[in-house]
Engineer: 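This is the structure I have questions about; it appears just below.
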Amino acid sequence: SRDTGFAVDVGTTTVVVLLADLETGEVLARAGDFSAQIRHGDNVITRIGAASSPVTRLEMRRALVEETLAPLLQKACKRAGRAISRLAGGTIAGNTTMLHILANEDPTSLGIAPFTARFLEGRILESDDIGLRGAMPIRLLPGLSAYIGADITAGVHATGMTLDDTPSLLVDMGTNGEVVLCAN
């Protein structure tokens, strides 16, 4: 049965997968590695430039999905003792540029003032359409702006920091480093 889900954080440098039992909510396994997209640049601005070419953008998506995400899902499933065929679907968070590349949207406008995203809303993609075998839905989480992506938005919600009366700080120590201060 398809009783296993996954969550992914697609960073500029690293990709991390978490596997969970959909019935119990138990975290089953984790796996992470460098993104194969690194060969197209080690920062967001370089990736935006590279992804302005439709051919390169598709190669970048292929590198992310086939060379990074698929092996990480296999590794996490092996660690959890579950067949990959048990995957029901997943959720992906990442910075706005990484999600644009995954959705095959031209990210060029993210690198030029006024830094406008082609989309910020959540989207549902089919795994087969992005090169990930398994015929399952993949939900891209929503972001807030060109440089406040779904990764930061998910972190704010996951920590519950907006519900706390005391000041709190969220620090993303990734390649692009973001800081969110919540002082209700």
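Given the structure is predicted, the values throughout are model-derived calculations rather than measurements.
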Engineer: CG of Leu99 to CG of Leu110: how many Å apart, nearest 0.5 Å?
Structural biologist: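 Reported value, rounded in 0.5 Å steps: 10.0 Å.
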Engineer: Please report the C-alpha distance between Lys75 and Leu73 in whole Å, then the side-chain angles of each, then the deciding distance to 0.1 Å, and finally whether the side chain to side chain contact (heavy atoms under 4.5 Å, CB included) criterion is met.
Structural biologist: CA-CA 5 Å; Lys75 184 184 286 187; Leu73 285 169; over 6 Å; no
Engineer: Tell me whether Thr68 contacts the main-chain N or O of Val65 through its side chain, where contact means a donor paired with an acceptor under 3.5 Å.
Structural biologist: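 No; judged by distance alone, with no hydrogens or angles, the pair does not exist.
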Engineer: Could you tell me whether the side chain of Ile124 reaches within less than 4.5 Å of the side chain of Ile138, counting heavy atoms only?
Structural biologist: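 No, every pair of side-chain atoms sits at 4.5 Å or beyond.
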Engineer: Checking His100 side chain against Ala117 main chain: does a donor-acceptor pair fall under 3.5 Å?
Structural biologist: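 No: the side chain of His100 does not pair with the backbone of Ala117.
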Engineer: Identify the heavy atoms of Thr159 and Val156 that sit nearest to each other, and give their distance.
Structural biologist: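 Closest heavy-atom pair between Thr159 and Val156: OG1-O, 3.1 Å.
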Engineer: Same hydrophobic cluster for Leu144 and Met161, using side-chain heavy-atom links shorter than 4.5 Å among ILVMFWY?
Structural biologist: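 Yes; tracing contacts between hydrophobic side chains, which count when under 4.5 Å, links both residues.
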Engineer: Please lay out, stage by stage, how Ile152 and Val180 fare under the test side chain to side chain contact (heavy atoms under 4.5 Å, CB included).
Structural biologist: CA-CA 8 Å; Ile152 298 305; Val180 177; 3.4 Å; yes
Engineer: When clusters are formed by joining ILVMFWY residues with side-chain heavy atoms under 4.5 Å apart, either directly or through shared neighbours, do Phe119 and Ile92 land in the same one?
Structural biologist: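 Yes, Phe119 connects to Ile92 through the hydrophobic network.
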Engineer: Please tabulate, for side-chain N and O atoms in residues 4-19, each donor-acceptor pair with protein atoms closer than 3.5 Å (sequence neighbours left out).
Structural biologist:
from	atom 1	to	atom 2	distance (Å)
Thr4	OG1	Arg82	NH1	2.8
Thr12	OG1	Asn95	ND2	3.0
Thr12	OG1	Asn176	ND2	2.8
Thr13	OG1	Thr175	OG1	2.2

Engineer: Nearest 0.5 Å, what's the CD-CG distance between Glu121 and Leu140?
Structural biologist: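 Going from the CD atom of Glu121 to the CG atom of Leu140 covers 9.5 Å.
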Engineer: Count the heavy atoms belonging to other residues, nucleotides or ligands that lie under 6.0 Å from CZ of Arg86, then report whether that count exceeds 12.
Structural biologist: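 Check passes, neighbour count above 12.
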Engineer: Look at atom CZ of Phe34 and say whether more than 12 heavy atoms of other residues, nucleotides or ligands are closer to it than 6.0 Å.
Structural biologist: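 Atom CZ in Phe34 is not packed in, count stays at 12 or less.
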Engineer: Which distance, rounded to the nearest 0.5 Å, do you find between the CZ of Arg47 and the OG of Ser35?
Structural biologist: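 OG of Ser35 is found 5.0 Å from CZ of Arg47.
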Engineer: Can any side-chain N or O of Gln37 pair as donor or acceptor with the backbone N or O of Leu64 at less than 3.5 Å?
Structural biologist: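 Looks like no, no N/O pair under 3.5 Å.
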Engineer: Can you tell me if Arg133 has over 12 outside heavy atoms packed within less than 6.0 Å of its CZ?
Structural biologist: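 Check fails, neighbour count at 12 or below.
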Engineer: Heavy atoms only: give me the nearest Gly134-Asp128 pair and the separation to one decimal.
Structural biologist: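 Between these two residues, the closest heavy atoms are N-OD1, 3.4 Å.
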Engineer: How close do Thr153 and Gly143 get, counting heavy atoms only, and between which atoms?
Structural biologist: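 Shortest heavy-atom separation between Thr153 and Gly143 comes out as OG1-CA, 3.9 Å.
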Engineer: Say whether, by atom type as modelled, one donor and one acceptor occur between the side chain of Thr46 and the main chain of Asp42 under 3.5 angstrom.
Structural biologist: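 Flag not set: sc Thr46 to bb Asp42 has no pair under 3.5 Å.
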Engineer: Rounded at 0.5 Å granularity, tell me how far CZ in Arg61 sits from CG in Asn104.
Structural biologist: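 One gets 5.0 Å once the value is rounded to the nearest 0.5 Å.
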Engineer: So, the side chain of Thr97 versus the backbone of Ile48: is there a donor-acceptor pair under 3.5 Å, distance only?
Structural biologist: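 Absent.
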Engineer: Rounded to the nearest 0.5 Å, how far does CG of Asp151 lie from CE of Met98?
Structural biologist: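 It is 10.0 Å, given to the nearest 0.5 Å.
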Engineer: List the atom of Ser127, the atom of Ala135, and the distance in Å for their closest heavy-atom pair.
Structural biologist: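 Looking at all heavy atoms of both residues, the closest pair is OG-N, 3.2 Å.
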Engineer: Any donor-acceptor pair under 3.5 Å linking the side chain of Thr96 with the backbone of Tyr147?
Structural biologist: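 Looks like no, no N/O pair under 3.5 Å.
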Engineer: Given the rule that I, L, V, M, F, W and Y join up when any side-chain heavy atoms are under 4.5 Å apart, are Ile148 and Leu120 in one cluster?
Structural biologist: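 In one cluster with Ile148: Leu120, no.
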Engineer: Looking only at non-hydrogen atoms, find the nearest pair between Arg118 and Asp106 and report the distance.
Structural biologist: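 Minimum heavy-atom contact is CD-O, 2.7 Å.
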Engineer: Under 4.0 Å between a side-chain nitrogen and a carboxylate oxygen: does that hold for Glu67 and Arg39?
Structural biologist: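 A salt bridge links Glu67 with Arg39.
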Engineer: Is it true that Arg57 and Glu59 make a salt bridge, defined as a side-chain N closer than 4.0 Å to a carboxylate O?
Structural biologist: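 No salt bridge links Arg57 with Glu59.
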Engineer: For Thr162 and Cys182, work out which heavy atoms get closest and say how close.
Structural biologist: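 The pair with the smallest heavy-atom distance is CA-SG, 3.9 Å.
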Engineer: Between CD1 of Ile130 and CG of Leu58, what distance do you get to the nearest 0.5 Å?
Structural biologist: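 Atom-to-atom, Ile130:CD1 and Leu58:CG are 12.0 Å apart.
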Engineer: Where the side chain of Arg139 meets the backbone of Arg123, is there a donor-acceptor pair that is under 3.5 Å apart?
Structural biologist: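 No; zero donor-acceptor contacts below 3.5 Å.
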Engineer: Please tell me whether Leu87 and Val27 are part of a single hydrophobic cluster in this structure, the criterion being side-chain heavy atoms less than 4.5 Å apart.
Structural biologist: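 Looking at the clustering, Val27 is in a separate group from Leu87.
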